[in-house]
Number of protein chains: 2
Amino acid sequence: MTKIKKTAQIIAYESIRESIINGEFAGGGMKLVEEKLAIKIGVSRTPIRDAIRRLEQEGFINNKKVIKPTETDLRNQFEMRMLIESYAASKAASYMIDDDIAKLKNAIHIARISEDNGEVIKQNKEFHDLIVLESRNPIMIETVNRMQSIIYLFSRAVVLHKRPGLIDEHEEILKAIIERDPEMTSQKMKEHLHSDLEFTLRIIK
Amino acid sequence: MTKIKKTAQIIAYESIRESIINGEFAGGGMKLVEEKLAIKIGVSRTPIRDAIRRLEQEGFINNKKVIKPTETDLRNQFEMRMLIESYAASKAASYMIDDDIAKLKNAIHIARISEDNGEVIKQNKEFHDLIVLESRNPIMIETVNRMQSIIYLFSRAVVLHKRPGLIDEHEEILKAIIERDPEMTSQKMKEHLHSDLEFTLRIIK
DNA sequence: TTATAATATTTTGTATACAATTTTATAAAA
DNA sequence: TTTTATAAAATTGTATACAAAATATTATAA
């Protein structure tokens, strides 16, 4: 068991992050005031500042304000994901071992049988994570994670809707991996993310 | 003219970054102690901490120590660059306007006629930056910049050596762009960065 | 009224003190 | 000697006070 000591910094970071995700700062725009947060969270300004700095670096905050990405921003995030994930997908087609392929199958299966959309979203993330891992490149993994959280964060509306075709597309990607066809896998991944982007834009616009 | 007010934070950041680049912290390993830096730079610990946090996020520092990347780290950085820059290169082949192509030519020209290797390095960066800009994606641009600085930083030895073929390879990339051949441009860029990596590893190992 | 200047208020930046923790040095036991 | 325990020192984390800057408010002139 790993002992995690919750320093004031970590408490502040998690609390503020949570608040952002729950949309408590009025959908962007609203300014984060250090002292108000300090009082609310019950620590001094120092760890609050650390937390804000970190969230700033992670791309959630800009100029003390929660960012509200434009359509262009979203497109850029997705473009970055498409590049990395299609690359990882072709690696997966070449090298992914059976155990991990089984995990992909499982993620698809759970998503199929589950009623609730939250579970579908979760398995979608699992599916993508498994593939990105095949890049075996921590920088790429980290980058995709950043993109994912920001995309997720600012398209919470999307979470409420079931995207048509999502699971079928996963199935196609899986099929291409099983056939050990890197080109096809990469292509299917690109198309899949492209549909995701279009769906997201359609909903939040 | 843009007025920049140098806050203590900025002074601290620049000073520490400079020290890292100049290898003043004994090639990695050495621990950065807040108070010592504070005294040296002449500000309090607060802005020092901010600066360290920032440099940590940018990947120069880890656990209060200047990072010393392993060969694997370098390979990962280059892999990320290859992915983005080859993508940008194909965009350049498709869309780069003549004015910018002229700038590429110019960068090659200056590098060719210059005696001093520092200038060659500078024009090399200029050449790559011009191409990466063609991605028109700030996230990609930012990512490559991060990779570049860290690669540069930790291969200072490389700067002292003239890499054979570097300018010729630029010429080949330029040629492919002029011929409006995205596939070829992308390929040449990959090969070019691959040679860079091999050369870098050869020297610092 | 609108625009401008003066003033008050809020918010952030910085220094500093002290507490908590980590690291290092020292002494005792194997 | 090496290992382990204990004490000392160094370092980081946190709170807080005050100064500097940014922002909002009010008063005054056009």
Side-chain angles (χ1 to χ4, degrees), chain A residues 1-69, chain B residues 1-70 150:
Chain A
M1 194 189 97
T2 335
K3 191 73 145 296
I4 322 125
K5 66 182 96 78
K6 293 232 180 183
T7 64
Q9 259 176 77
I10 294 174
I11 293 168
Y13 171 79
E14 289 175 351
S15 166
I16 297 171
R17 193 176 197 277
E18 198 66 23
S19 295
I20 294 175
I21 288 175
N22 295 334
E24 281 173 38
F25 298 111
M30 188 170 157
K31 209 174 146 201
L32 300 187
V33 176
E34 293 173 5
E35 190 147 329
K36 284 177 189 163
L37 290 169
I39 292 166
K40 183 180 137 202
I41 297 170
V43 298
S44 83
R45 269 179 59 213
T46 312
I48 296 284
R49 305 187 92 230
D50 288 337
I52 289 179
R53 283 273 192 298
R54 198 167 145 205
L55 289 161
E56 215 152 24
Q57 272 294 348
E58 287 173 4
F60 292 113
I61 295 177
N62 196 307
N63 250 44
K64 280 114 211 167
K65 289 195 279 294
V66 176
I67 56 155
K68 46 167 187 280
Chain B
M1 194 189 96
T2 335
K3 190 73 145 292
I4 323 127
K5 65 182 96 81
K6 292 232 182 186
T7 63
Q9 260 176 77
I10 293 174
I11 292 168
Y13 171 79
E14 288 175 351
S15 165
I16 296 171
R17 192 175 198 279
E18 199 66 23
S19 296
I20 295 175
I21 287 174
N22 295 333
E24 281 172 39
F25 298 111
M30 187 170 156
K31 209 175 146 200
L32 301 187
V33 177
E34 294 173 6
E35 190 146 330
K36 285 177 188 162
L37 291 169
I39 291 166
K40 185 181 138 204
I41 297 171
V43 298
S44 85
R45 270 180 59 213
T46 313
I48 296 284
R49 307 188 90 230
D50 287 336
I52 289 180
R53 282 275 193 297
R54 198 168 144 204
L55 288 162
E56 216 154 23
Q57 273 294 348
E58 288 173 4
F60 293 112
I61 295 177
N62 197 306
N63 251 53
K64 278 112 211 169
K65 289 196 278 296
V66 176
I67 57 155
K68 46 168 187 282
T70 62
I150 295 177

Checklist entry - According to a strict under-4.0 Å criterion, is B/Lys64 in side-chain N/O contact with OP1 or OP2 of C/dT23? => result no
Next on the checklist: Check this one for me: any side-chain N or O of A/Ser44 less than 4.0 Å away from OP1 or OP2 of D/dT14?
Outcome noted: no
Checklist entry - Where along residues 34-43 of chain A does a heavy atom fall under 4.0 Å from DNA chain C? => result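 Output list: A/Glu34, A/Lys36.
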Could you list the donor-acceptor pairs under 3.5 angstrom formed between side-chain atoms of residues 39-46 of chain A and any protein atom two or more places apart in sequence or on another chain?
from	atom 1	to	atom 2	distance (Å)
A/Lys40	NZ	A/Ser19	OG	3.3
A/Ser44	OG	A/Thr46	N	3.2
A/Arg45	NE	A/Glu34	OE1	2.9
A/Arg45	NH2	A/Glu34	OE1	2.9

Item to check | Residue pair A/Phe60 / A/Val66, side-chain heavy-atom distance below 4.5 Å | outcome: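 A side-chain contact is absent here, since even the closest heavy-atom pair is not under 4.5 Å.
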Item to check | Heavy-atom check, side chain of B/Arg54 versus side chain of A/Arg53, under 4.5 Å | outcome: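 In short, these two side chains do not touch, never coming nearer than 4.5 Å.
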Nearest whole angstrom, please: distance from the [atom2] of [N] to the [atom1] of [X].
X	N	atom1	atom2	value
B/Ile10	C/dT12	CD1	P	17 Å
B/Gln9	D/dA20	CD	P	17 Å
A/Arg54	D/dG13	CZ	P	13 Å
B/Met30	D/dT11	CE	C1'	14 Å
B/Lys31	D/dA10	NZ	C1'	8 Å
B/Lys65	D/dT11	NZ	C1'	13 Å

Next on the checklist: Show every salt bridge (charged side-chain N to carboxylate O under 4.0 Å, His left out) that has at least one partner inside residues 14-23 of chain A, sequence neighbours left out.
Outcome noted: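 Qualifying pairs: A/Lys6-A/Glu14.
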Among the nucleotides [options], which one has an atom lying closest to any side-chain atom of [X]?
X	options	result
A/Arg45	D/dT11, C/dG13, D/dT14	C/dG13
A/Pro47	C/dG13, D/dT14, C/dT11	D/dT14
A/Arg49	C/dT12, C/dT16, D/dA15	C/dT12
B/Thr46	C/dG13, C/dT11, C/dT16	C/dT16

Checklist entry - Which part of the nucleic acid, if any, lies within reach of A/Ile48 when heavy atoms closer than 4.0 Å are counted: base, sugar-phosphate only, or nothing? => result nothing
Next on the checklist: Within the 4.0 Å heavy-atom criterion, would you say B/Ile11 contacts the bases, only the backbone, or no part of the nucleic acid?
Outcome noted: nothing
Next on the checklist: So which atom in B/Ala12 and which in B/Pro47 form the shortest heavy-atom distance, rounded to 0.1 Å?
Outcome noted: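 Closest approach of B/Ala12 to B/Pro47: CB-O, 4.0 Å.
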Checklist entry - Taking B/Gln9 for the side chain and B/Ala51 for the main chain, is one N or O donor matched with an acceptor at less than 3.5 Å? => result no
Checklist entry - So A/Leu55 and A/Leu32, side chain to side chain contact (heavy atoms under 4.5 Å, CB included) or not? Walk me through it. => result CA-CA 12 Å; A/Leu55 289 161; A/Leu32 300 187; over 6 Å; no
